[in-house]
Protein chains: 2
Amino acid sequence: MTLSEEDYIKAIYHLGKGENSTVSTNAVAYQMETKPSSVTDMIKKLSDKGVVNYRPYKGVSLTEYGQKIALSQVRKHRLWEVFLLEKLDFSWDEVHDVAEQLEHIKSEKLIDQLDKHLGFPEVDPHGDPIPSKKGELKKTIKKLLNEVPIGASGICVGVKDSSPPFLKFLDRNNIALGDTILVLEKEEFDGSLYIRIKESKIHISDQIASNLYLKITE
Amino acid sequence: MTLSEEDYIKAIYHLGKGENSTVSTNAVAYQMETKPSSVTDMIKKLSDKGVVNYRPYKGVSLTEYGQKIALSQVRKHRLWEVFLLEKLDFSWDEVHDVAEQLEHIKSEKLIDQLDKHLGFPEVDPHGDPIPSKKGELKKTIKKLLNEVPIGASGICVGVKDSSPPFLKFLDRNNIALGDTILVLEKEEFDGSLYIRIKESKIHISDQIASNLYLKITE
DNA sequence: ACAAATATTTAGTTTTGTCTAAAATTATTT
DNA sequence: AAATAATTTTAGACAAAACTAAATATTTGT
Ligand SMILES: [Mn+2]
Ligand SMILES: [Mn+2]
Ligand SMILES: [Mn+2]
Ligand SMILES: [Mn+2]
């Protein structure tokens with residue numbers, strides 16, 4: 001597959017929400033930042049190659065083969081994101097663009113060894129699961145921190161309240177998007193939580209916890 | 001620069017032996033595994049961009065600007081080679097092809113951080129020097145091991161005698177291409193050498209040492 | 001149900017990088 | 001100094017991936 005084909009396959013996969021659902025030409029065009037006519041051309045080519053099921057005017061979906069390619073692509077993308085964050089000190093929001101390029105390098109050994117070098121990570125810096133080499137993918141769900149069960153951990157992926165005071169609070173307490181949070185204990189009295197974040201243990205109120213989203217792997 | 005342009009620039013640089021020397025169309029075509037007519041087309045484009053000096057029928061050379069690009073490209077290529085060998089356990093002869101792809105990833109931060117992650121290496125797995133960010137390049141020379149001064153070290157890059165018995169000897173003594181060898185001491189009596197290789201100290205005869213090439217940085 | 005709005009495809013170009021075949025230039029022999 | 005050989009360039013074509021403008025199909029609103 002060419003770089004372009006790989007990106008289209010990934011776009012169709014993501015728009016189909018990981019399911020085999022049918023995706024519209026316009027949706028792909030928007031995602032890929034191209035014109036619908038370009039999408040039609042590419043879809044025809046992918047259809048000829050057996051990567052997608054295509055019925056003119058009705059949309060596209062990935063074939064079994066196409067899904068395999070998509071998952072392999074997602075695997076590469078997310079492993080590179082972990083690499084950039086963990087080994088090269090990139091920040092949460094810088095990893096995506098570079099991974100978008102790195103995911104197209106052709107070498108099976110490269111990915112296998114990268115996986116090993118990273119200690120076989122299960123999720124990427126955005127809390128999304130990394131498909132296994134065979135294409136198995138764990139499910140993740142997004143939950144407010146106060147609804148995460150004791151003992152579970154997840155990655156901080158967003159805030160419900162994005163007011164400056166709240167963001168300032170997070171900053172002061174050294175809580176940032178991309179951080180892994182482990183729920184240690186819940187205070188019965190006021191619902192406040194003891195959590196582990198970046199090697200330190202902190203205590204946060206229920207009000208804070210009910211405004212932070214975590215992505216957790218089941 | 002596009003991927004293709006970058007590879008042409010690198011080819012012209014290498015054929016010019018790092019000097020600004022003029023290179024023939026056919027030489028570039030051979031190196032790039034393309035046809036001479038394709039090379040002429042590309043050279044014209046690079047000339048328009050101010051990357052090369054071109055006089056029809058007379059050959060090309062890099063401009064100052066072109067040399068900068070070439071050195072930056074060589075830097076990326078060699079840093080990735082070190083990464084593949086050191087961090088991902090690739091072997092000496094596997095690194096080149098993958099680095100040929102990785103060198104085209106566009107991200108200044110990526111290369112800076114990679115350099116840091118690798119501990120600012122000075123040479124690649126083939127003993128070739130890695131240009132600095134500013135484009136400075138150390139000189140290296142190839143010498144037979146028995147001519148390397150005491151205290152100097154280099155990378156094993158070839159053999160003079162490639163007969164099966166000699167290669168078998170190297171294999172048995174765990175000496176391989178790409179290994180870093182440090183010359184510790186020379187025995188006056190028979191010219192034999194004590195060397196350090198992969199954390200171990202071994203003793204080899206002058207006959208062996210005079211059949212192994214090292215690449216050393218000055 | 002039918003007109004208007006929206007979505008999708010087709011037709012015709014463009015750019016990049018490649019190719020083959022033919023023409024032009026330069027180098028080598030005799 | 002011609003003739004021959006080798007190298008290099010030009011001309012014309014092609015595939016990939018994009019675009020614009022026009023045509024066609026589908027969906028929506030009344
Ligand atoms: Mn990509
Ligand atoms: Mn991600
Ligand atoms: Mn390359
Ligand atoms: Mn090298």
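Quick note on labels: first sequence line is chain A, next is B, and so on, each numbered from 1. All heavy atoms count here, side chains included; hydrogens, waters and symmetry mates do not. No experiment lies behind these values; they were computed from the predicted model shown.
Rounded to whole Å, the distance from CG on B:Asp48 to C1' on C:dT16 is 14 Å. Rounded to whole angstrom, the span from the CG atom of A:Leu46 across to the P atom of D:dA16 amounts to 12 Å. We find that CG of A:Leu3 is positioned 12 Å from C1' of D:dA16, with the value rounded to whole Å. As a whole-Å value, the separation of A:Lys49 NZ from D:dA16 C1' is 10 Å. Rounded to whole angstrom, the span from the CG atom of B:Asp41 across to the C1' atom of D:dG12 amounts to 11 Å. Rounded to a whole Å, the CD1 atom of A:Ile43 is 11 Å from the P atom of C:dT10.
With rounding to the nearest 0.5 Å, the separation of OG1 in A:Thr25 from OH in A:Tyr57 is 10.0 Å.
With DNA chain D read from its 5' end, the first of the two nearest nucleotides for B:Thr40 and A:Met42 is the one closest to B:Thr40. Judged by closest nucleotide on DNA chain D, B:Pro36 is the one of A:Met32 and B:Pro36 placed further toward the 5' end.
In this structure, a donor-acceptor pair under 3.5 Å is absent between the side chains of B:His14 and B:Gln31. No side-chain donor-acceptor contact under 3.5 Å links B:Asp89 and A:His117.
Side-chain N/O atoms of A:Lys35 include none lying less than 4.0 angstrom from OP1 or OP2 on C:dT9. At the phosphate of D:dT8, OP1 or OP2 sits under 4.0 Å from a side-chain N or O atom of B:Asn26. Contact between the side-chain N/O atoms of B:Tyr54 and the OP1/OP2 oxygens of D:dT9 is found at a separation under 4.0 Å.
The residues A:Glu122 and A:Arg78 are annotated as not salt-bridged, no charged nitrogen and carboxylate oxygen being separated by less than 4.0 angstrom.
Backbone-only contact: B:Thr25 has heavy atoms under 4.0 Å from sugar-phosphate atoms and none from a base. Backbone-only contact: A:Ser4 has heavy atoms under 4.0 Å from sugar-phosphate atoms and none from a base. A:Thr34 comes within 4.0 angstrom of sugar-phosphate atoms only, judged by non-hydrogen atoms across all strands, and of no base. Heavy atoms of A:Tyr8 sit under 4.0 angstrom from primed sugar atoms or phosphate atoms, though from no base atom. Among the heavy atoms of the strands lying under 4.0 Å from A:Ser38 is at least one base atom, whether or not backbone atoms are also near.
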Please write out the pairs of protein N or O atoms and N or O atoms of nucleotides 23-28 of chain D separated by less than 3.5 Å, giving the distance to one decimal.
unit_1 : atom_1 : unit_2  : atom_2 : d
D:dA25 : O4'    : A:Tyr57 : OH     : 3.4

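Relative to the ring axis of A:Phe90, B:Lys109 places its NZ or CZ within 45° and under 6.0 Å from the centre.
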Pair A:Asp115, A:Arg75 - check salt bridge (charged side-chain N to carboxylate O under 4.0 Å, His left out), show working.
CA-CA 10 Å; A:Asp115 195 17; A:Arg75 172 174 161 78; 3.1 Å; yes
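Every residue two or more places apart in sequence or in another chain that forms a side-chain hydrogen bond (donor to acceptor under 3.5 Å, both in side chains) with A:Glu100 is listed here: A:Lys10, A:His96.
On a pure distance criterion of 3.5 Å, no polar donor-acceptor pair joins the side chain of B:Ser24 and the base of D:dT8.
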